[in-house]
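Worksheet for the structure shown next.
Atoms considered below: every heavy atom in the structure, side chains included; atoms not considered: hydrogens, waters and symmetry mates. Sequence positions, counted from 1, serve as the residue numbers for this chain.
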Amino acid sequence: MCEDVIEEVLEKSGRWGKFQLRYYACLGFVVIFSTFPMSYIFTARDIKYRCYIPECESYSNTQYNPKWLMDFIPYVEGSPSSCHRYATANGSCTVLPEKNMTIKCDTFVYQRRETTIVHDFNITCGENLWKLTIIGTINVVGELVCLGYSGFISDKYGRREMMVVSVLLSTLTGILRSFSLNYLMYAFMEFLDSAVGGGMYGAAFILAIEMVGSKERNAGNTIISCIYALGQAILGVTAWLSPTWRTMLRILYAPGIISLVFVWTIPESIRWLLSVNRVEKARNVILQIARTNKKQIPSEAIDKLVSIRKEQDKETKTESFLETVKSKVLLLRTIHCSFTWICCTFVYYGLTIHSVSISENIYLSFIFSVAVEIPGYVTYFYVNEKMGRRLMMFFTLILAGISCVAVGFIPEDYYWFKLSVFLIGKCCSTIAYTVLYVYTTEMFPTNSRHSTFSFCSMFGRFGSMTAPQVPLLARVSKMLPLIMFGMIACSSGAMALLFPETLHIKLPDTIEEAVNIGKNKFVRGRDENTEADTPLRRTDRSTEI
């Protein structure tokens, strides 16, 4: 099989040499950059403010919560009301107002000096809160649009081109967003940013997975995931240190112009080049890897790969995404995978957004919630090889669901215990999300791998699209968002047992190989009849989808 020869060639060209380090460093930049569209968590977050009392204070020299304020503003749960104040008699500060009548104000004093779009676009009071929460949904709608076409472009024109163009367009729209003149312009640029740049992570991830052998896929996935967590931490630190949301966006997006050099420094995926019959370019990339790693590859091995690919091309050139889903097994697998994406993204992004409400220091809370992902990735790296993808998905999603529900019932007085359980849930949701990424790339054939990945991920955006609206449920009950996260995590965890096990299999090249994942005729990567190496591994679940 072609995949067997690719594995052999990659092994002989060097597994983790100088080339792979440079390659992953470039991809790491893109992965870090792909976290920056999540900046809406800070730019469009609700903040604390209260009415300005012109009779008693000067706007240039005031405090958010001075001692005298209780006589002029009603308090709610220990904090001054955001939009109402007591009506003063004759506009005098010396005469205390009657506390049986309140009026709505239109000028405010903010708790913190840093600015968000709440300040600049005057998005205040409860009736306007939807304008803040809808920004996260708008961002995800843009991703949904992008994922609708990015996979097909990637499979047709290449992963590298898709990735570089996405980063450059995102850079442009991100910087333009920092110059927004009003709320509508900001919202439109938020949508445009994710609509043109939402495919960059998927392209970088596919490149990282396809450029290494099956033995290195687990390590490659862990590296990319840890870099993603680092990118989120960089986002939190930048937001913390930036005086305004406009400055923050410019600091984050300006370095994206560096991606231009990746056209020359990052070669295209060998597997993709072979899948579109660009065998000479694939040969050059293989030789480049070996040369950079100071390895020698026998010409016979490359010639064998080229000849097999040419033979196989006659059978696989029509195996597009539409051909893939014509298979009943792969259609059901795609539907199941899409449902799991919806659940995982809803829980993962929902907990990330919810993290800013854990404590008063929203920046530290956010950084803690993304830092806990790194232990999750390390756990995935060491445990996944022993437990397998399917059981890993099952246990982590169930544990994430139990943790979410438990947090909702822990009293506020047990702050550190509550925080610890929350972080356990976030860690487990991170592991499940990581497994899902690599799982999706392993269950479908090469010619439609990115298309199927994008299709499932596109449905996953419905989960992340709903997640920003969950804080509105907290107005009904603070436990309601966490209970919802828990129920969805547990349901998708139980259904994960229906997936086929893909641990240690080689990436399937054809539809037939993808369909046969989990069938009885394959035993630990060897055919029962011929004992020859095959890309598949036996399981006892012949009905898996």
Side-chain angles (χ1 to χ4, degrees), residues 28-49 59-60 63-64 108-124 131-136 138-139 142 167-194 197 200-201 227-259 349 352-371 373 468 471:
F29 174 86
V30 177
V31 171
I32 289 174
F33 191 86
S34 71
T35 65
F36 297 161
M38 287 184 65
S39 55
Y40 69 84
I41 292 177
F42 298 103
T43 61
R45 64 182 175 84
D46 196 16
I47 55 178
K48 287 187 176 182
Y49 49 87
Y59 199 77
S60 59
Q63 298 176 348
Y64 169 72
F108 306 93
V109 175
Y110 296 93
Q111 183 185 33
R112 303 177 185 276
R113 290 185 298 173
E114 67 267 22
T115 63
T116 69
I117 64 173
V118 172
H119 300 73
D120 289 2
F121 305 141
N122 196 31
I123 307 172
T124 55
K131 291 183 178 180
L132 299 178
T133 60
I134 201 67
I135 292 296
I138 289 173
N139 179 281
V167 175
L168 290 175
L169 291 177
S170 180
T171 299
L172 177 62
T173 53
I175 292 176
L176 286 176
R177 188 161 82 254
S178 72
F179 292 96
S180 297
L181 302 178
N182 51 51
Y183 175 80
L184 288 178
M185 180 179 176
Y186 175 89
F188 175 74
M189 296 308 299
E190 185 77 49
F191 166 80
L192 196 60
D193 183 9
S194 55
M200 71 179 83
Y201 181 86
I227 293 175
Y228 186 83
L230 175 62
Q232 290 179 301
I234 291 174
L235 169 62
V237 172
T238 304
W240 196 353
L241 300 179
S242 300
T244 70
W245 65 272
R246 298 179 188 271
T247 302
M248 180 188 72
L249 290 179
R250 292 163 194 167
I251 293 173
L252 291 173
Y253 280 89
I257 195 68
I258 297 173
S259 63
Y349 285 106
T352 300
I353 295 169
H354 191 74
S355 66
V356 297
S357 62
I358 295 176
S359 70
E360 287 294 320
N361 192 322
I362 61 171
Y363 305 106
L364 278 180
S365 297
F366 179 81
I367 293 170
F368 279 146
S369 73
V370 298
E373 294 182 13

Problem set entry | 4.5 Å side-chain heavy-atom contact, Tyr49 and His119 | no

For this session: Provide the closest heavy-atom pair for Pro255 versus Phe29 in the form atom of the first, atom of the second, distance.
Result: O-CZ, 3.2 Å

Seminar exercise, completed: Shortest non-hydrogen pair, Leu252 vs Phe33, comes out as O-CE1, 3.9 Å

Exercise. Rounded to the nearest 0.5 Å, what separation is found between the OH atom of Tyr201 and the OH atom of Tyr228?
Worked result: 7.0 Å

Problem set entry | Rounded distance [0.5 Å steps], CD1 in Ile258 versus OG1 in Thr171 | 9.5 Å

Exercise. Rounded to the nearest 0.5 Å, how far does CE of Met189 lie from CG of Leu172?
Worked result: 6.5 Å

Exercise. Can you name the nearest heavy-atom pair linking Ser170 to Gly197, along with the distance?
Worked result: CB-CA, 4.2 Å

For this session: Using a cut-off of 6.0 Å, state whether more than 12 heavy atoms not belonging to Phe368 lie near its atom CZ.
Result: no

Exercise. With side chains defined as the heavy atoms from C-beta onward, is the minimum distance between Thr238 and Phe36 less than 4.5 Å?
Worked result: no

Exercise. Do Thr35 side-chain atoms and Gly231 backbone N/O form a donor-acceptor pair below 3.5 Å?
Worked result: yes

For this session: Quick one: pull up CG in Leu364 and CH2 in Trp240 and give me the separation to the nearest 0.5 Å.
Result: 3.5 Å

Problem set entry | Close side-chain approach of Thr173 and Tyr253, heavy atoms under 4.5 Å | no

Exercise. Where is the tightest heavy-atom contact between Phe179 and Met185, given as atom of each residue plus distance?
Worked result: O-CE, 4.0 Å

Problem set entry | Pair Arg45, Thr116: side-chain N/O donor-acceptor within cut-off below 3.5 Å | no

For this session: Just say parallel, tilted or perpendicular for the rings of Tyr186 and Trp245, cut-offs at 30° and 60°.
Result: perpendicular

Exercise. What is the minimum heavy-atom distance between Leu168 and Ser259, and which atoms define it?
Worked result: CD2-OG, 3.4 Å

Exercise. Any side-chain heavy-atom pair from Asp120 and Arg246 closer than 4.5 angstrom?
Worked result: yes

Exercise. Looking at CE of Met248 and CZ of Phe42, how far apart are the two atoms once the value is rounded to the nearest 0.5 Å?
Worked result: 7.5 Å

Seminar exercise, completed: For Ile138 and Ser194, the nearest pair of non-hydrogen atoms, with its separation, is O-OG, 4.2 Å

Problem set entry | Test item: Asp193 and Asn139 side chains (from C-beta on) under 4.5 Å apart, heavy atoms | no

Exercise. Atom CD1 in Ile32, atom CD1 in Ile234: separation rounded to 0.5 Å?
Worked result: 4.5 Å

For this session: Please examine the side chains of Ile135 and Tyr183, heavy atoms only from C-beta on, and report whether any two atoms are closer than 4.5 Å.
Result: yes

Problem set entry | Student check: side-chain heavy atoms of Leu132 and Ile117 closer than 4.5 Å | yes

Exercise. Taking side chain as C-beta onward, heavy atoms only, is Leu176 less than 4.5 Å from Phe188?
Worked result: no

